[in-house]
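The structure displayed is predicted, hence computed values, not measured ones. Any value given below was found using the heavy atoms of this structure, including those in side chains, with hydrogens, waters and symmetry copies removed.
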Amino acid sequence: RAMREVDEEIVHAHVDATDLYEAVSPELTDDAQRRQEVVFLALDLISGRIQPGHLLHGWMLKQGIPTRELEWFEEHAIELDVIGINLYPMFSEKRLLRTSSGTRIRMRYASAHIVERLADLYWQRYRRPIFISETASEGSVRKRLAWLNDSVDAVRHVRARGVPLFGYTWWPLFALI
């Protein structure tokens, strides 16, 4: 709000480190759903969405967050102008599975379909324009080029369906080379 007092045309970009959780077996479905909701926690908090009835409201209270703090976010909610999503094929897809040691998370190298799924999730949830604020791949030049081409094709598919995905940043420029 203070920034808009200085420049009323300012556009705030809210960037989220994305994850896409999937349960390998049905008994982990609720856990995967809760973890997926936690992915949206920061944006849900600042936009005032965590209120009674929200899937994380009770969970937040059980974690020791006072009701008054949640109410503060609701009272001071901000509009999300645009949302940046950081996604990486080697980190963003999380699969929950049960082992003899308990619940474990496995990350497999995701296909570019993850771009479409995450863009759809953010669009359906927030109805705000989206951009890919970070993506890249590790590995050989061939593997990185394949991710670049496939993820750009996924962006085209998302846009063709009417989702306002307006930008793409190949990042980090050097760290994964």
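- Looking at Tyr109 and Lys143, their side chains come closer than 4.5 Å, going by heavy atoms from C-beta outward.
- Side-chain contact between Ser137 and Tyr88 is absent, with no heavy-atom pair separated by less than 4.5 Å.
- Here Ile50 contributes atom CD1 and Phe40 contributes atom CZ; the two are 11.5 Å apart, rounded to the nearest 0.5 Å.
- Summarising the geometry, atom OG belonging to Ser47 is positioned 8.0 Å from atom CD1 belonging to Ile83; distances are rounded to the nearest 0.5 Å.
- Val24 and Ile114 fall into different hydrophobic clusters, defined by Ile, Leu, Val, Met, Phe, Trp and Tyr side-chain heavy atoms under 4.5 Å apart, directly or through other members.
- Contact of the Ile65 side chain with the Leu70 side chain is registered, since non-hydrogen atoms from C-beta on lie closer than 4.5 Å.
- Between the side chain of Thr169 and the backbone N or O of Trp171, no donor-acceptor pair lies under 3.5 Å.
- Note that OG1 of Thr135 and CG of Leu148 are 9.0 Å apart. Values are rounded to the nearest 0.5 Å.
- The minimum heavy-atom distance between Val163 and Ile130, with the atom names listed, is CG1-CD1, 4.2 Å.
- In this structure, Thr18 and Ser92 have side chains that are in contact, with non-hydrogen atoms separated by less than 4.5 Å.
- Cluster annotation: Leu28 and Leu55 are assigned to distinct hydrophobic clusters (Ile/Leu/Val/Met/Phe/Trp/Tyr, side-chain heavy-atom contacts under 4.5 Å, transitive).
- For the pair Tyr21 and Ile105, the minimum side-chain heavy-atom distance is below 4.5 Å.
- Although no hydrogens or angles enter the test, the distance criterion places no donor-acceptor pair under 3.5 Å between the side chain of His57 and the main chain of Gly53.
- A donor-acceptor distance shorter than 3.5 angstrom exists from the side chain of Gln36 to the backbone of Asp19, with no hydrogens or angles considered.
- Between Asp44 and Arg125 there is a salt bridge, with a side-chain nitrogen of the basic residue lying less than 4.0 Å from a carboxylate oxygen of the acidic one.
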Note to self: Would Glu79 and Arg128 count as a side-chain contact (heavy atoms from CB on, under 4.5 Å) here? Give the steps.
What the structure shows: CA-CA 9 Å; Glu79 182 178 330; Arg128 304 305 303 152; 3.5 Å; yes
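- Within 6.0 Å of the CD atom in Glu8, the count of heavy atoms belonging to other residues, nucleotides or ligands does not exceed 12.
- The two residues Ala23 and Thr29 make their nearest non-hydrogen contact at CB-N, 3.7 Å.
- Classified by interplanar angle (parallel below 30°, tilted 30° to 60°, perpendicular above 60°), the ring pair His14/His12 is tilted.
- When all heavy atoms of Glu27 and Ser25 are compared, the pair lying nearest together is OE2-OG, 2.7 Å.
- Side chains of Leu118 and Trp123 form no contact here, defined as non-hydrogen atoms less than 4.5 Å apart.
- Between Ala112 and Ser151, the shortest heavy-atom contact is CB-N, 3.8 Å.
- The list of salt bridge (charged side-chain N to carboxylate O under 4.0 Å, His left out) pairs with a residue in residues 100-113, not counting sequence neighbours, reads Glu93-Arg108.
- Contact detail for Asp16 and Val39: the closest heavy-atom pair is OD2-O, 3.4 Å.
- Both Leu56 and Trp72 are assigned to one and the same hydrophobic cluster, defined by single-linkage of ILVMFWY side chains at heavy-atom distances under 4.5 Å.
- Between Leu20 and Leu87 the shortest side-chain heavy-atom distance does not fall below 4.5 Å.
- Taking CD1 of Ile85 as the start and CG of Leu165 as the end, the distance is 6.0 Å to the nearest 0.5 Å.
- Two residues are said to be in side-chain contact when any heavy atoms from C-beta on lie closer than 4.5 Å; Asp31 and Arg35 meet this criterion.
- Salt bridge status for Asp120 with Arg117: absent, with no side-chain N to carboxylate O gap under 4.0 Å.
- Listed here is the closest heavy atom pair of Ala119 and Val158: CB-CG1, 3.9 Å.
- No salt bridge links Glu74 with Arg49; every basic N to acidic carboxylate O contact stays at or beyond 4.0 Å.
- Within 6.0 Å of the CZ atom in Arg127, the count of heavy atoms belonging to other residues, nucleotides or ligands exceeds 12.
- Under a 4.5 Å side-chain heavy-atom cut-off, the cluster of Ile, Leu, Val, Met, Phe, Trp and Tyr residues that includes Val11 is completed by Val15, Val82, Phe131, Phe166.
- One finds the CD atom of Glu116 at 13.5 Å from the CZ atom of Arg159 (value rounded to the nearest 0.5 Å).
- A salt bridge is absent between Arg34 and Glu37: the closest approach of a Lys/Arg side-chain nitrogen to an acidic carboxylate oxygen does not fall below 4.0 angstrom.
- Atom CD1 of residue Ile78 and atom CZ of residue Phe73 lie 10.0 Å apart, to the nearest 0.5 angstrom.
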